Amino acid sequence: MTLSVYNTLTRQKEVFTPLVPGKVGMYVCGMTVYDYCHLGHARVMIAFDVIARYLRHRGFEVNYVRNITDIDDKIITRANENGEAFNVLTERFIDEMHKDSASLGIEMPDAEPRATAHIDDIVALIETLIDKGFAYPAANGDVYYSVRKFDGYGKLSGKVLDELEAGARIGVDEHKQDPLDFVLWKSAKPDEPHWESPWGIGRPGWHVECSAMSKCCLGNTFDIHGGGPDLKFPHHENEIAQSEAANGAHYVNTWMHAGAVRVDGEKMSKSLGNFFTIREILDKYPAEVVRFLLLSSQYRSAINYSEESLKESHTRLERFYNALDGVEVGAIEDVENDFSARFHAAMDDDFNTPEAIAVLFELARAINKAEGAEQAALAGQLRYLGSVLGCLQSEPKDFFQAGAGDEADWIETMIQQRLDAKKAKDFAAADAVRDTLAAKGIVLKDGPEGTTWIKQ
RNA sequence: GGCGCGAUAGCAAAGCGGUUAUGCACUGGAUUGCAAAUCCACGUAGGCCGGUUCGACUCCGGCUCGCGCCUCCA
């Protein structure tokens with residue numbers, strides 16, 4: 001089977017062929033760290049987490065780079081508001097981001113370059129662009145990229161320069177030679193964080209950071225570049241312009257963009273203010289439920305977030321953990337069967353997680369029907385294939401009883417009371433106990449090995 | 001205005017030119033003291049109008065509606 005991946009640049013699925021056989025270089029635009037991550041960030045992180053996991057599962061040696069933008073206007077503004085140094089702010093939110101991603105089961109990237117640690121690379125890249133005539137320093141100390149000098153501008157986003165120019169929303173800046181030019185280096189205002197450069201003290205523009213860091217970590221040309229849907233233009237378009245002009249080499253083979261997370265049909269975003277942070281959701285729902293929800297639709301399609309969708313995600317997971325509950329799980333490994341073939345075919349088709357999950361549901365049904373060694377083998381397979389998605393790794397008991405807190409002892413006492421009542425054939429008393437527990441969201445399950453309970 | 005994406009059963013969400021997606025919800029049955037879980041059974045869904053085809057949800061054209069980008073944004 002071949003792996004095919006949708007490439008934003010060509011707008012079609014292509015057979016994935018890495019530059020170096022067996023190896024994949026992947027760069028994903030990460031966070032600007034001035035606030036907590038929201039669900040939209042989670043979507044991108046989880047999408048590319050699964051992509052990296054699957055590529056590795058398929059035997060590729062993956063070098064996954066996800067940058068951190070730790071200097072930027074919003075960071076400076078927020079730090080000033082808080083009355084703290086910008087790097088104190090960014091350190092804190094980098095820490096919080098790591099906590100959020102860890103709780104969502106997201107594996108750490110192989111490298112997490114920070115913009116402020118690559119100022120030299122950025123300055124060198126800008127110098128190259130000036131030398132080659134693609135950029136110019138302005139009188140105010142800024143350096144701009146001359147968009148019209150780059151022939152391929154617009155090839156990723158499908159924008160046409162003259163159409164952009166016709167748009168009335170481009171802010172005109174007296175220092176720019178063309179309104180469409182974008183900033184590579186921003187001169188520092190008084191009291192702003194700054195670094196030395198040939199054009200005076202200042203800080204890098206956002207777009208050039210990624211060109212410099214990706215070059216540093218992965219070279220002039222690499223396999224996959226990913227990011228959120230709103231980065232396609234202008235961010236990624238500008239990266240192409242910078243990198244290809246400076247390096248004289250094709251920049252990225254496969255561009256991948258995750259779909260948006262919406263709330264009530266509108267994109268979740270900081271600017272609209274309609275965002276839910278990861279941690280406020282994790283306050284109410286287990287992390288796996290959130291992860292599973294985001295994998296329940298294909299990574300490129302838009303997904304509408306709601307409490308309802310989280311609840312359904314939880315119910316869906318219950319089916320898996322019910323299949324695993326009380327079952328002897330065999331070796332955690334794949335089994336050569338139809339489930340495996342279909343799971344891999346789905347993932348090979350542009351990482352079609354909803355289709356892969358559908359196969360896992362059928363596998364769960366097979367586990368429910370099977371017995372003995374066959375059941376154990378299938379359960380091991382479910383655990384194994386689940387791990388490729390970073391799901392289904394909890395103990396069923398932990399999944400079902402999560403959120404019960406310190407009620408466990410009391411629940412056990414109540415269960416014993418009910419067992420005594422049942423033994424005495426006092427079913428009314430037994431049912432009363434169950435109703436009491438049910439009122440607290442505790443559902444009892446009588447099985448051959450005694451009574452267990454789940455917290456709903 | 002420019003460019004692009006989407007419209008699938010009650011809900012969510014996939015594949016596919018002709019054969020059951022999948023899950024949740026619903027209904028009936030088996031099982032259970034009663035439940036829970038599980039199993040079995042149960043849904044002719046594919047925005048609208050044309051076209052291609054022996055046959056289209058699936059390809060082509062038009063329309064309508066929704067969304068995204070065109071400004072910082074994952």
Side-chain angles (χ1 to χ4, degrees), chain A residues 8 11 28-32 37-48 66 69 72-74 77 154 157-171 180 182 206 226-235 237 257-262 265-272 275 292-293 296-298 300-304 306 308-309 311-323 325-326 342 345-346 349 352-362 364-365 367-369 400 422 425-428 430-431 434-435 438 442-447 451-454 456:
Chain A
T8 309
R11 294 188 187 81
V28 172
C29 288
M31 256 50 71
T32 300
C37 295
H38 60 63
L39 240 207
H41 299 118
R43 177 137 206 226
V44 172
M45 289 196 283
I46 288 175
F48 288 99
R66 189 183 65 204
T69 296
D72 151 281
D73 285 357
K74 286 182 176 170
T77 305
S157 57
K159 307 290 181 198
V160 179
L161 275 174
D162 292 322
E163 298 290 351
L164 286 172
E165 185 111 62
R169 298 168 78 184
I170 307 291
L180 295 174
F182 60 88
W206 175 39
D230 37 14
L231 263 37
K232 206 182 295 179
F233 186 89
H235 185 56
E237 196 69 61
H257 292 92
V261 175
R262 296 181 191 165
E266 273 191 320
K267 189 182 77 163
M268 180 183 294
S269 75
K270 287 279 179 69
S271 29
L272 288 173
F275 60 91
F292 192 68
L293 170 66
S296 294
S297 59
Q298 212 269 351
R300 281 189 287 121
S301 58
I303 185 171
N304 209 318
S306 67
E308 280 306 305
S309 62
K311 283 177 188 148
E312 187 179 325
S313 177
H314 185 91
T315 314
R316 280 154 58 84
L317 277 171
E318 280 182 341
R319 182 160 174 83
F320 284 116
Y321 282 110
N322 270 318
D325 198 12
R342 288 165 57 213
D349 182 15
N352 190 337
T353 51
E355 179 72 22
I357 288 170
V359 175
L360 296 188
F361 273 114
E362 292 182 44
R365 180 181 302 273
I367 292 168
N368 287 331
K369 293 172 81 166
F400 285 124
K422 276 178 68 174
K425 302 279 186 205
D426 185 355
F427 293 121
D431 288 349
R434 196 173 56 210
D435 292 345
I442 307 298
V443 178
L444 300 183
K445 299 162 74 174
D446 293 331
T451 300
T452 58
W453 56 274
I454 71 173
Q456 284 191 320

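Naming: A, B, ... by sequence-line order, numbering from 1 per chain. It should be emphasised that the depicted structure is a prediction, and the values quoted were computed from it without experimental measurement.
- To the nearest 0.5 Å, atom CD1 of residue A:Ile357 and atom CZ of residue A:Arg316 are 6.0 Å apart.
- As a whole-Å value, the separation of A:Phe233 CZ from B:rC70 P is 8 Å.
- Taking the salt bridge (Lys or Arg N to Asp or Glu O under 4.0 Å) definition, one finds that A:Lys445 meets it with A:Asp325, sequence neighbours left out.
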- prompt: Could you write nucleotides 6-25 of chain B as a row of B, S and -, 5' to 3', where a protein heavy atom under 4.0 Å of any base atom gives B, of only sugar-phosphate atoms gives S, and otherwise -?
  reply: -----B-SSS-----BSBS-
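- The side-chain hydrogen bond (donor to acceptor under 3.5 Å, both in side chains) check on A:Asp446 picks up A:Arg418, A:Lys422, A:Thr451, with sequence neighbours excluded.
- Counting heavy atoms from C-beta outward, A:Arg365 and A:Lys369 have side chains that approach closer than 4.5 Å.
- Checking B:rC72, B:rG2, B:rA74 against every side-chain atom of A:Lys159, the shortest atom distance belongs to B:rG2.
- The NE2-P distance, from A:His235 to B:rC72, rounds to 11 Å in whole Å.
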- request: Check step by step if side-chain contact (heavy atoms from CB on, under 4.5 Å) holds for A:Lys74 and A:Thr77.
  value: CA-CA 5 Å; A:Lys74 286 182 176 170; A:Thr77 305; 5.5 Å; no
Check: protein-nucleotides 29-36 of chain B nitrogen or oxygen pairs below 3.5 Å:
residue : atom : partner  : partner atom : Å
B:rG33  : O6   : A:Arg418 : NH2          : 3.4
B:rG33  : N1   : A:Asp431 : OD1          : 3.0
B:rG33  : N2   : A:Asp431 : OD1          : 3.2
B:rG33  : N2   : A:Asp431 : OD2          : 2.7
B:rC34  : O2   : A:Asp431 : OD1          : 3.4
B:rC34  : O2   : A:Arg434 : NH1          : 2.9
B:rC34  : O2   : A:Arg434 : NH2          : 2.2
B:rC34  : N3   : A:Arg434 : NH1          : 2.8
B:rC34  : N4   : A:Asp446 : OD2          : 3.0
B:rA35  : N6   : A:Asp446 : O            : 3.3
B:rA35  : N1   : A:Asp446 : N            : 2.8

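- A perpendicular orientation is assigned to the rings of A:Phe292 and A:Phe361, their planes being inclined by more than 60° (bins at 30° and 60°).
- Taking atom CG of A:Leu272 as the reference point, atom P of B:rC69 lies 8 Å away to the nearest angstrom.
- Place A:Lys369 and A:Lys232 on RNA chain B by their nearest nucleotides, and A:Lys232 ends up nearer the 5' end.
- The interatomic distance linking A:Ile367 (CD1) with B:rC39 (P) rounds to 11 Å, in whole Å.
- Among residues two or more places apart in sequence or in another chain, the side-chain hydrogen bond (donor to acceptor under 3.5 Å, both in side chains) test is passed with A:Thr8 by A:His257.
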Base-pair map of RNA chain B as dot-bracket, where | denotes pairing with a different strand and pairs are Watson-Crick or G-U under 3.5 Å: (((((((..(((.....[...)))..((((.......)))).....(((((..]....))))))))))))....
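- Comparing A:Lys74 and A:Arg11 by the nucleotide of RNA chain B whose heavy atom lies nearest to each, the residue mapping closer to the 5' end is A:Arg11.
- The A:Ala260 side chain lies nearest to B:rA74 when the options are B:rC39, B:rA74, B:rC72.
- Closest contact between the side chain of A:Asn368 and the listed nucleotides B:rG68, B:rU38, B:rA74 involves B:rU38.
- With hydrogens and angles ignored, no donor-acceptor pair closer than 3.5 Å exists between the side chain of A:Lys267 and the base of B:rC67.
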message: As a quick check of understanding, evaluate side-chain contact (heavy atoms from CB on, under 4.5 Å) for A:Lys425 and A:Phe427, giving each step before the final call.
response: CA-CA 6 Å; A:Lys425 302 279 186 205; A:Phe427 293 121; 4.1 Å; yes
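- Contacts of A:Gly326 with the nucleic acid, taken as non-hydrogen atoms under 4.0 Å apart, are absent.
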